[in-house]
Peer 1: 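Here it is, the structure, as structure tokens.
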Amino acid sequence: MESTFSSPAEAALQREAGAAGPLTPLADLDRVYELERIGGFVRDLGCQRVALQFPDQLLGDAGAVAARLEETTGSKMFIIGDTAYGSCCVDVLGAEQAGAQALVHFGPACLSPPARSLPVAFVLGQRSVALEVCVKAFEAQNPDPTAPVVLLSEPACAHALETLATLLRPRYLDLLVSSPAFPLPVGSLNPDPEPLERFGRRFPLAPGRRLEEYGAFYLGGSEAIPDPDLNPDLSRLLLGWAPGRPFFSCCPDTGWTQDEGARARRLRARRRYLVERARDARVVGLLAGTLGVARYCEALAHLRNLTQAAGKRSYVLALGRPTPAKLANFPEVDVFVLLACPLGALAPQPSGSFFRPVLSPCELEAACNPAWPPPGLAPHLTHYADLLPGSPFHVPLPPPDSELWDTPDVSLITGELRPPPAWKPSNDPGCSALTPRPQLELAESSPAASFLSSRSWQGLQPRLGQTPVTGAVSGRRGIAIAYEDEGSS
């Protein structure tokens, strides 16, 4: 049974993995997992220990892939199958625990740069694509051959985009092909001008062109599961794409297409509602949803500064994967903000399971920073790195004496007038978190700590060295309504 704060050790042995996919025939193993390319990657680096990261649906092939790579490279392979947060992120912590010198990531990936410098190779997969059917579907949805269109796809279909564009270019004059934005190796220099990088993809735009001018044709998904809420990669695109441009999705197997405009508007409306909830909140829980993506510590400090500037209290919670049972232990928290990779922050949540909404950092930025958003910004950013200094989308907080803080604001949920936040600059000695006592003790006097100290239960207290050592004794046996040492009533 799952604990309220963490999962016991036995749960890792008893828990069943996610829905296992069909096993790949041994004859197709080299092609599906690109073992020749991965073998060359390992031999070029001269690695003796390599970590292989698999999502749950590919774990059935993990043993055969590891054995084949060990045979061809002579290196020791370690299988990483249960990541601490999401399988789309590179698990550099798991690789370091295994003493691996490189990591190979299989399956869908968010392509976020890792927090530590570790050679990484990606195998996104190669899903079969019916090109002729997709060409007919594209032509049916784009009758104007001069309209600018971008070809997008889920990671497993990226290999077919250039071939599809070759079939379409004789008729369509303004066609742009995106490509996965694989993280560049640490210290590598790219002499060529870098293309626009957004949504985990690179867009080779011509000089003077903007991505907001293009419509989109997305290759991916399934006709059996057409809901984009179950596909965080598609949700990221729908939220961030220009609202006035067409967006179509196409199933690569059947050519079934769908106009995603209505669903994109519904997703944006949901995000605007979450912004209002964040503005009404007084206590914010910051969930650490990643430890392997670059700049997560800087992002956490940025979110704490946001909540302080907006006059809100904040807790930082490191609970692993958030579950309703874990978050229910913090009833004083009004909203939770999940600091994770773009796909992790938009991952589908069980409907009605969380008693408080779970937001992404973008919603908290819009709720706490009165200078947000900058002019000309896309409607929704999906990666917390876009909010940090150095990003073209970064907007610093206004100074405390700015009139933006005094702008009247009415809640669209409760209809009440929100009081303006009163905050002090961080260099003000009056807001020091440590206050000396007459007994020369230090007590933390932050609002969040004061509120936590008023609770009757404040978490586990080890009290090392203060508890006498006693022998283990047998406890009560039975169930709560009828223990064995109780008489029958």
Peer 1: Start with the C-alpha distance between Arg209 and Glu213, add both sets of side-chain angles, then the distance that settles side chain to side chain contact (heavy atoms under 4.5 Å, CB included), and finish with yes or no.
Peer 2: CA-CA 8 Å; Arg209 302 299 301 272; Glu213 303 172 2; 2.7 Å; yes

Peer 1: Could you tell me whether Asp334 and Arg313 make a salt bridge, using a distance below 4.0 angstrom between a side-chain N and a carboxylate O?
Peer 2: no

Peer 1: Start with the C-alpha distance between Val293 and His383, add both sets of side-chain angles, then the distance that settles side chain to side chain contact (heavy atoms under 4.5 Å, CB included), and finish with yes or no.
Peer 2: CA-CA 11 Å; Val293 181; His383 192 15; 4.1 Å; yes

Peer 1: Can you tell me if Asp259 uses its side chain to pair, donor with acceptor, with the backbone of Gly261 under 3.5 Å?
Peer 2: yes

Peer 1: Centroid-to-centroid, Tyr214 to Phe203, below 6.0 Å?
Peer 2: no

Peer 1: Look only at the side chain of Gln53 and the backbone of Ile80, and say whether a donor-acceptor pair between them is shorter than 3.5 Å.
Peer 2: no

Peer 1: Could you check if a side-chain atom of Asn305 sits within less than 4.5 angstrom of a side-chain atom of Leu397, using non-hydrogen atoms only?
Peer 2: yes

Peer 1: May I ask you to decide if the ring planes of Phe336 and Phe355 are parallel, tilted or perpendicular, using 30° and 60° as cut-offs?
Peer 2: perpendicular

Peer 1: Would you say the side chains of Gln141 and Thr257 form a donor-acceptor pair under 3.5 Å?
Peer 2: yes

Peer 1: Quick one: CG on Leu300 to OG1 on Thr290, what's the gap to the nearest 0.5 Å?
Peer 2: 11.5 Å

Peer 1: Heavy atoms only: give me the nearest Val358-Leu274 pair and the separation to one decimal.
Peer 2: O-CD1, 4.3 Å

Peer 1: With no hydrogens and no angle check, is any side-chain donor or acceptor of Glu363 less than 3.5 Å from a backbone partner on Ala278?
Peer 2: no

Peer 1: Could you work out, with side chain to side chain donor-acceptor pair (under 3.5 Å) as the rule, every residue matching Glu162, not counting sequence neighbours?
Peer 2: Arg169

Peer 1: Would Phe106 and Tyr33 count as a close aromatic pair, with their ring centres under 6.0 Å?
Peer 2: yes

Peer 1: Given Thr382 and Cys362, is the side chain to side chain contact (heavy atoms under 4.5 Å, CB included) satisfied, shown in steps?
Peer 2: CA-CA 7 Å; Thr382 55; Cys362 181; over 6 Å; no

Peer 1: List the atom of Phe354, the atom of Pro322, and the distance in Å for their closest heavy-atom pair.
Peer 2: CZ-O, 3.8 Å

Peer 1: Tell me which donor-acceptor pairs under 3.5 Å the side chains of residues 122-134 have, and how far apart each pair is, sequence neighbours excluded?
Peer 2:
| unit_1 | atom_1 | unit_2 | atom_2 | d |
| --- | --- | --- | --- | --- |
| Arg127 | NH1 | Glu154 | OE2 | 2.8 |
| Arg127 | NH1 | Gly221 | O | 3.1 |
| Arg127 | NH2 | Gly221 | O | 3.0 |
| Arg127 | NH2 | Asp253 | OD2 | 2.8 |

Peer 1: Donor-acceptor check, side chain of Ser153 to backbone of Leu219, threshold 3.5 angstrom: yes or no?
Peer 2: no

Peer 1: Could you pull out the closest heavy-atom pair between Ala385 and Ser391, with the gap in Å?
Peer 2: O-CB, 3.6 Å

Peer 1: With a 4.5 Å cut-off on side-chain heavy atoms, are Leu381 and Leu387 touching?
Peer 2: yes

Peer 1: Give a yes or no answer on whether the side chain of Ser402 reaches the backbone of Pro399 with a donor-acceptor pair at less than 3.5 Å.
Peer 2: no

Peer 1: Could you tell me if Ser75 and Gln48 have a donor-acceptor pair between their side chains, going purely by distance under 3.5 Å?
Peer 2: no

Peer 1: Do the side chain of Lys312 and the main chain of Arg279 share a donor and acceptor less than 3.5 angstrom apart?
Peer 2: yes

Peer 1: So does Thr24 get a backbone contact from the side chain of Asp61, meaning a donor-acceptor N/O pair under 3.5 Å?
Peer 2: yes

Peer 1: Measure from the side-chain N and O atoms of Lys326 to the backbone N and O of Gly320, and report whether any donor-acceptor pair falls under 3.5 Å.
Peer 2: no

Peer 1: Side chains of Arg236 and Leu343: does their closest heavy-atom pair fall under 4.5 Å?
Peer 2: yes

Peer 1: What's the shortest heavy-atom distance between Gln101 and Pro119, and which atoms?
Peer 2: O-CD, 3.5 Å

Peer 1: Is the shortest heavy-atom distance from the side chain of Leu306 to the side chain of His302 under 4.5 Å?
Peer 2: yes

Peer 1: One pair to check against side chain to side chain donor-acceptor pair (under 3.5 Å): Ser249 and Glu260. What are the steps and the verdict?
Peer 2: CA-CA 7 Å; Ser249 63; Glu260 302 291 353; 2.5 Å; yes

Peer 1: Is there side-chain contact between Asp233 and Arg201, with at least one heavy-atom pair below 4.5 Å?
Peer 2: yes

Peer 1: Between Asn369 and Glu365 (side chain of the first, backbone of the second, donor and acceptor by atom type, cut-off under 3.5 Å), is there such a pair?
Peer 2: no

Peer 1: Using ring centroids (six-membered ring only for Trp), state whether Phe248 and Phe217 fall under 6.0 Å.
Peer 2: no

Peer 1: Out of curiosity, Tyr296 OH to Leu388 CG, how far, rounded to the nearest 0.5 Å?
Peer 2: 14.0 Å

Peer 1: Begin with the C-alpha distance, continue with both residues' side-chain angles, and end with the deciding distance and a verdict on salt bridge (charged side-chain N to carboxylate O under 4.0 Å, His left out) for Arg68 and Asp30.
Peer 2: CA-CA 9 Å; Arg68 188 73 60 86; Asp30 293 352; 2.8 Å; yes

Peer 1: Side-chain contact, heavy-atom cut-off 4.5 Å: Leu364 with Leu303?
Peer 2: yes

Peer 1: What distance separates Leu239 CG from Arg268 CZ, expressed to the nearest 0.5 Å?
Peer 2: 7.0 Å

Peer 1: Could you check whether any side-chain heavy atom of Leu339 comes within less than 4.5 Å of a side-chain heavy atom of Leu287, counting everything from C-beta outward?
Peer 2: no

Peer 1: Check this for me: does any side-chain nitrogen of one of Arg295 and Glu298 sit under 4.0 Å from a carboxylate oxygen of the other?
Peer 2: yes

Peer 1: Is there a side chain to side chain contact (heavy atoms under 4.5 Å, CB included) between Val333 and Val284? Walk through the geometry before answering.
Peer 2: CA-CA 6 Å; Val333 175; Val284 179; 5.8 Å; no

Peer 1: So which heavy atom on Ser87 is nearest to which on His105, and how close?
Peer 2: O-NE2, 2.8 Å

Peer 1: Would you check if Arg245 and Glu212 make a side-chain contact, meaning some heavy-atom pair closer than 4.5 Å?
Peer 2: no

Peer 1: Look up atom OG1 in Thr146 and atom CG in Leu173, then write down how far apart they are to the nearest 0.5 Å.
Peer 2: 7.0 Å

Peer 1: Can you measure from CG (Leu103) to CG (Leu52) and round to the nearest 0.5 angstrom?
Peer 2: 7.5 Å

Peer 1: Rounded to the nearest 0.5 Å, how far apart are OH of Tyr218 and CG of Leu152?
Peer 2: 8.5 Å

Peer 1: If you look at every heavy atom in Thr307 and Arg304, which pair is closest and at what distance?
Peer 2: OG1-O, 2.8 Å

